[in-house]
Amino acid sequence: MIILPDGNYPLNNTEEVLQHTLKLQNFFDKKQLLIIYIQHINRDLNAVFFVNHSYGSQLHVKLLAINKPNELNIQKAHPNSFYHTQLQQKLEQLGNNTISNL
């Protein structure tokens, strides 16, 4: 999820989306539910968006999982979030077999 209002390809209504996402984050935090952020990173140096280490590939600072046991950040380089990532392994370690997409 990219919620940077001044990136190359900004999401419409970035502030509204950020506020809604923060409400969900707060709800999950209060219930100690797992939050997994899937961050798309494009490894192609000629790419026009999601370029690794670029401003546009970053998660908003308010969404960063900093020392929270119920939050994970998984980086992916392909459309499939399970392909060449640790997502499946992390879910299995946690005993999760259901994914909710809000």
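Just so you know, these numbers use all the heavy atoms, side chains as well, and skip hydrogens, waters and symmetry mates. No experiment lies behind these values; they were computed from the predicted model shown.
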Show your reasoning for whether side chain to side chain donor-acceptor pair (under 3.5 Å) applies to N70 and D29.
-> CA-CA 7 Å; N70 68 316; D29 283 345; 3.0 Å; yes
Short question: side chain of H60, backbone of K62 - any donor-acceptor pair under 3.5 Å?
-> yes
Taking everything shown except H78 itself, do over 12 heavy atoms lie less than 6.0 Å from its NE2?
->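 Yes, NE2 of H78 has more than 12 neighbouring heavy atoms, counting only those of other groups under 6.0 Å.
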Would you say Q93 has more than 12 foreign heavy atoms packed within less than 6.0 Å of its CD?
-> yes
Can you give me the closest heavy-atom contact between [X] and [Y], atom names plus distance?
X	Y	value
K76	S81	CD-OG, 3.6 Å
R43	A77	CG-CB, 4.0 Å
Q86	I74	C-CD1, 4.4 Å

Looking at L94, L87, I38, which hits side-chain contact (heavy atoms from CB on, under 4.5 Å) with L72?
-> L94
How long is the gap from [atom1] on [X] to [atom2] on [Y], to the nearest 0.5 Å?
X	Y	atom1	atom2	result
I36	F28	CD1	CZ	10.5 Å
Q19	N13	CD	CG	12.5 Å
K90	L34	NZ	CG	10.5 Å
I35	L24	CD1	CG	8.5 Å

Going through the distances and angles, do Y83 and Q88 end up as a side chain to side chain donor-acceptor pair (under 3.5 Å)?
-> CA-CA 9 Å; Y83 185 70; Q88 183 72 35; over 6 Å; no
Quick one: does L22's side chain get under 4.5 Å of N26's, heavy atoms only?
-> no
Under 4.5 Å between any side-chain heavy atoms of F50 and I41, yes or no?
-> no
Could you go through the side chain to side chain contact (heavy atoms under 4.5 Å, CB included) check for Q25 and Y37 one step at a time?
-> CA-CA 11 Å; Q25 182 187 52; Y37 296 104; 2.7 Å; yes
